[in-house]
Amino acid sequence: MKLYIVSANKEVISRWAGFAEALEYSIEVVDVNQLSLQKFHGHGCGLVHISSLNSASDSPVKDSPVKDSPVKDSPVKDYLLDQLCVKSPLIKWVALSDQPSDTEGLSYLASGFRGYINTYVTKSLFHELLNVVMKNDIWAGPSLTQRLMKQYLAGPLRRDVEQDITHVQHDSDQYGFTDREDEVLDILITGASNKEIARELGITERTIKAHVASLLHKTGTKDRVLLILKLAHQTA
């Protein structure tokens, strides 16, 4: 499997490449200033070092809406990343930041990135990150995923998600959900806590935790936010 590393920081490149060796990825380092010209072939994963993009050249960007003019109204990284997922849809892109923030993370996930994490992630989390995104799941920290869920379940979009989940439940045999797990899922998609679900169903919170854990295991997701996103996206 191909792993693209987009960074101008030699230390970061060496760190990520070293972590990836154990997973037998074919590694290709991409010059930050050539990112808009790079051709990405086939399926794979791409790691983008955001801090390196901050230092990218401010020379004109190919395919810029304003020909022969540098992108002055927004950083070069914003223009490149807006185009990256569109131009290379077979690559699962992950943004890595030296100073991660929920606001920045949301913007990258909204642009089509499959993950957002600290540049200096540990080796074990690095491996888990790659495994998660290559399964077409989304990787984000706890606080970011909670904000993502609140946004995703807000207003009219919430009704769309609930409708999508209902369609998935009608075919829940693919995951082997039990009747009780379907009931838990019905309430979970409203953003309810385990305690609130337990109160609604008249069972203990400990039992709810067990049902939620089973739902995550059967769908191959690591938290309830990604569970909702995965089930909803499958019906999109």
Side-chain angles (χ1 to χ4, degrees), residues 23 92 94-97 100-110 113-118 120-236:
L23 302 177
K92 293 175 173 59
V94 179
L96 295 96
S97 174
S101 70
D102 288 350
T103 300
E104 182 181 62
L106 285 171
S107 69
Y108 282 101
L109 294 177
F113 277 69
R114 304 303 300 177
Y116 178 78
I117 196 170
N118 193 299
Y120 299 98
V121 60
T122 64
K123 183 177 182 179
S124 60
L125 279 180
F126 183 91
H127 288 175
E128 188 177 349
L129 163 72
L130 294 183
N131 288 332
V132 166
V133 298
M134 291 309 296
K135 290 178 181 177
N136 209 34
D137 285 333
I138 298 171
W139 181 284
S143 62
L144 179 54
T145 53
Q146 287 300 318
R147 286 188 60 176
L148 185 62
M149 183 168 70
K150 288 177 181 179
Q151 274 196 6
Y152 201 74
L153 296 179
L157 187 54
R158 171 173 172 169
R159 292 192 295 272
D160 293 339
V161 173
E162 290 175 343
Q163 184 178 19
D164 286 343
I165 294 294
T166 299
H167 292 323
V168 172
Q169 287 177 308
H170 288 165
D171 193 28
S172 62
D173 287 345
Q174 64 178 309
Y175 292 112
F177 294 159
T178 65
D179 290 343
R180 179 61 88 180
E181 287 169 352
D182 277 336
E183 292 175 343
V184 170
L185 185 58
D186 276 335
I187 305 172
L188 184 150
I189 65 171
T190 67
S193 66
N194 287 343
K195 182 178 293 186
E196 291 168 332
I197 299 174
R199 186 183 305 118
E200 179 72 19
L201 296 179
I203 54 182
T204 67
E205 186 176 353
R206 182 176 181 179
T207 301
I208 295 300
K209 288 181 180 179
H211 286 310
V212 172
S214 179
L215 288 167
L216 297 178
H217 176 73
K218 290 178 178 180
T219 55
T221 51
K222 70 184 183 75
D223 60 46
R224 60 208 295 145
V225 178
L226 298 183
L227 166 66
I228 293 172
L229 293 176
K230 182 170 185 175
L231 296 182
H233 283 167
Q234 285 181 350
T235 63

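The aromatic rings of Y116 and Y108 lie parallel to each other, with less than 30° between the two planes, well short of the 60° mark.
Looking only at side-chain heavy atoms (C-beta outward), V212 and L227 stay at 4.5 Å or farther from each other. Side-chain atoms of T178 and K218, non-hydrogen and from C-beta on, do get closer than 4.5 Å to each other.
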Quiz item: Is there a side-chain contact (heavy atoms from CB on, under 4.5 Å) between L125 and W139 once you walk through the steps?
Solution: CA-CA 11 Å; L125 279 180; W139 181 284; 3.9 Å; yes
Exercise. Report the C-alpha separation of E183 and R180 in whole Å, then their side-chain angles, then the decisive distance to 0.1 Å, and conclude whether the salt bridge (Lys or Arg N to Asp or Glu O under 4.0 Å) test is met.
Key: CA-CA 5 Å; E183 292 175 343; R180 179 61 88 180; 2.8 Å; yes
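With rounding to the nearest 0.5 Å, the separation of CG in L23 from CG in N131 is 6.5 Å. Remark: H211 NE2 to L188 CG distance equals 12.5 Å, nearest 0.5 Å. The CD atom of E205 lies 5.0 Å from the NZ atom of K209; values are rounded to the nearest 0.5 Å. Considering CG of N194 and OG1 of T207, their distance stands at 11.0 Å, rounded to 0.5 Å.
Here D137 pairs with nothing under the side-chain hydrogen bond (donor to acceptor under 3.5 Å, both in side chains) rule; sequence neighbours left out. Contacts of S124 classified as side chain to side chain contact (heavy atoms under 4.5 Å, CB included), with partners at least two apart in sequence or in another chain: T122.
Scanning all heavy atoms of the two residues, the minimum distance from N136 to K92 falls at OD1-CE, 3.6 Å. Residues L96 and N118 share a closest heavy-atom pair of CD2-O, 3.8 Å. Taking both residues in full, the closest heavy atoms of L215 and T219 are given as O-OG1, 2.7 Å, listed atom of the first, atom of the second, then distance. In this structure, A140 and L109 approach most closely via the heavy-atom pair CB-CD1, 4.2 Å. Minimum heavy-atom separation, E104 to S97: OE1-OG, 3.1 Å.
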